[in-house]
Amino acid sequence: MRKNHLGSVGALAFILIVGALGNFLSPYDTGLLTQMLIYGVFAMSLDVLHGYTGMPSLGHAAYFGLGAYVSAICSLKLGWPFGMAAPAGIVAAAVAAALFHLLALRTSKSYYLMITLAFSQVLWSVAVSWTELTGGDNGLPGVRRPNLGSWFPWTFASTHNYFYFVLAIFVVSALALYVFVKSPFGYALRGIRENEMRMRALGYNVWAYKYVASIVSASFAAVAGEMYMYLNSFVSPSSLSVTVSAQVLMMILVGAAGTLFGPVLGAGVFVILQYVLSTYTDRWLFVIGLIYVGIALYAPQGALVFIRDKFFAPKRGSAS
Amino acid sequence: MSFWIVNTLNGLSLAMILFLLAAGLTLIFGLMHIINMAHGSFYLLGGYIAITAIRMSGNFVVGAIIAVIAIAILGTLVQRLLLAKLYKQEMPQALLTLGLLFIIADIAFFTWGGDPQLVPQPALFQGAVRIFGVVYPLYRLFLIGWGLAVAFLLWMFLERTKIGAVVRAGMDDEEMVRGLGINMPLVFTGIFALGSALAGLGGVLGGPLLGMFPGADFEVVLLAFVVVTVGGLGSIRGAFLGSLLVGLVDNFGNVWFPQLSLFTIFVPMVVVLALKPTGLLGRT
Amino acid sequence: MTAPLAVKNLSRSFGGVHALNDVTMVLEPGERRAIIGTNGAGKTTLFNVVNGQIAPSSGTIKLFGQDVTSKALHRRAALGLARTFQITSLFRNLTVLDNMIIAVQALAPSHFVFWRRLSGYRDVIAKAEALLEKWRLADIRREEVRHLSYGTQRQLEIVMALACEPRLLLLDEPMAGLSAAETHLATDIILNLDRSITVLLIEHDLAAAFKIADRITAMDQGKIVAEGTPDEIRQEGNLKKIYASGGAARTTEAHQ
């Protein structure tokens, strides 16, 4: 019980500190902080699949980009207000995941990695070639920041106000995902990750759990994708690219798969790393590659877990 | 009629490039359970090294041999120094090769630049010939011939040699082979080097048609993934069948629906997986 | 009363090898039945087919009078079928308590709830705790399973199967790899099971099998070669015949 208490206090402190930071930082730095929160939601969404259920996806950008594109198209081409365009993007991603997983869940784990990649590449190629709808390589610029309507006292056009909008969505998403992974359903997902056959023998309909988990995961990825699109007022095919999929996977691997806070930390580390490195070198791909190789060889549980265990963990005693 | 002949031959020549890639991918997966994301990097490097070596030596064959040997050595090093440390850990192995994909892509970009480059065609196979009543580039026919020859040699190797038998047995039941006192780590390295060399050869032979450019590594590895998913992971015959299917569908798809390029190869994959989740010739 | 398990003319082949060949078997309610036989006799294949992990090539399977031949695993579990695995099959990176909670919750109405925390389902947790208490695993409930000794893991393997309150329990070599003392403990657990549970077990330790079972079925090369009470099986001298080719009876099967 007390440990639980500590967790809530920590989470509250985290939110307050991040919230306060948004007030003091320059618009540019606030933008970086906003990015961290957005990637945090994105990384948590993938972690539901990868960390909790053991479904390694290399195409999670598919839902991130799809949410962004559908929302942008609805508001630019159809003139929908934010209150309709935003849910439309989430629904589109959820439906895409629902259809895709009818197929993907028929195959084994090795195939899953490859066909998630193929799926996201197909969406990418559609975004590149369906120029009339997506603007092709140029993407879709000019989407206005969220406006909830005249009844709402604030607009989110300024970077600071938008930051607080994102913070609110982040908190709601994190809470929802927290309940999700702590629910009976979430426990079942861990069981599936650990031993799928046992779960089936115990009487779990493993297919249904994976199916729902993939839809939930896709929905939150779309939430992140839309927030990112509104942050930049722009969406382009690169939001669907394998680089984005590989980056979000890296955030989980840097943090700790199978926890919610780990990926958020990973997202923070990622944004800082990208910012720092981009001032010194243009060989970003090389760095990502090195990080992947390093994690695979030395810290498959997560780089931060590795550091914690190596330098801060009390020595484990009796356990054999 | 000539439309069908030309496009079928075009599809077949693409299929042969895909087969060179998919054969190595499927052998490596079947034996070691490694999903090698860096397989496309070996293709890309093979092509680039061939371009440089052919320029320097002025001879296609010399350049091709240098490129293939270089990639075989690279494959050996990757397997021995990196992947062997992660024996049987499927996910870390996939992540490691994904890292290599990025690293090699970056190195290639800084070495050979961002503009597409063609591997020079061998002088002997330049020009066109008349076949089935159409005038057709000789190089593409040469490519189809090479692909078939490699497929035949691989088949002979697996079915008719002792090492081939060990590889086939290892795909079915590794423990059993280990019990026979065979040096499996050596077989692993050998097969990884062979698979890498085939990918490098794919780059050399595909280079004159498809060209080498940043992102080509990822493009071909994705196609090779579709091939092995359709054909069935771990099956050479499946890789051959899948290559033919994907090569032809991609070619005709590009002719008829240029807007839907990648989408057209996704369709056969969806159909095959819906009917047979393990691929056409995959094990259940 | 209907038979908990009735299989009829069950066959399954793997690429020409008949792992199961025309197997017919009926269990009485409350019966303890042991299956013995050499490696590759088809015992685990029989379990996998009954359990639903693999489909039979031909034949039918009835659980409590219901034909389940083409039903999914989880539907069979819902009818009251539980099993353990020859290769310990636990959630290695979770605690003992979490393992039990997942097992208890499998057939609870809350199992698909994702909008409420599990800690709110006191009954599920209490039941998991009570089971650990009953089977003397409560002290280690916060330990992660991968840190436990092999014997304790085997014990948990059985207790987890019991968590779903099965009416038919399949035990695949519960004693394999255990020390003499641990074998004794495991035998005790099985002997103390409520008679409302019908038990079918595969056992290589003949002494333990004879002690537990009411009836024994001997299999060889996918076929049933003898069936009877422990005494009958002993007398018939069949034992020698069954094990003549297979060598040592007390070996663990690597795989089947």
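Quantities reported herein were computed from a predicted structural model and do not represent experimental measurements. So that the names make sense, note that chain A is the first sequence line, chain B the second, and so on, each numbered from 1.
Shown here for Ala296(A) and Pro92(B), the closest heavy-atom pair between the two residues is CB-O, 3.3 Å. Between Phe102(B) and Gly289(A), the shortest heavy-atom distance links the atoms CB-CA, 3.8 Å. Nearest heavy-atom pair across Ala274(B) and Leu103(A) is N-CD1, 3.6 Å.
The most heavy-atom pairs under 4.5 Å with chain A, out of Phe110(B), Phe29(B), Phe109(B), come from Phe110(B). When Leu117(A), Leu58(A), Ile288(A) are compared by the number of non-hydrogen pairs under 4.5 Å with chain B, Leu117(A) comes out ahead. Among Lys85(B), Gln93(B), Met91(B), the residue with the largest count of heavy-atom pairs under 4.5 Å with chain A is Met91(B).
Of the two parts of Leu249(A), only the side chain, counted from C-beta on, holds a non-hydrogen atom closer than 4.5 Å to a non-hydrogen atom of chain B. Both the backbone and the side chain of Leu290(A) come within less than 4.5 Å of a heavy atom of chain B. Residue Leu253(A) touches chain B through its side chain alone, counting heavy-atom pairs closer than 4.5 Å. Using a 4.5 Å cut-off between heavy atoms, Ser110(A) touches chain B through backbone and side chain atoms alike.
The closest donor-acceptor contact from the side chain of Tyr111(A) to the backbone of Leu233(B) lies under 3.5 Å.
Side-chain contact between Met269(B) and Ile115(A) is present, with heavy atoms from C-beta onward closer than 4.5 Å. Inter-residue side-chain proximity for Met250(A) and Leu95(B) is flagged as unmet; no heavy-atom pair is nearer than 4.5 Å.
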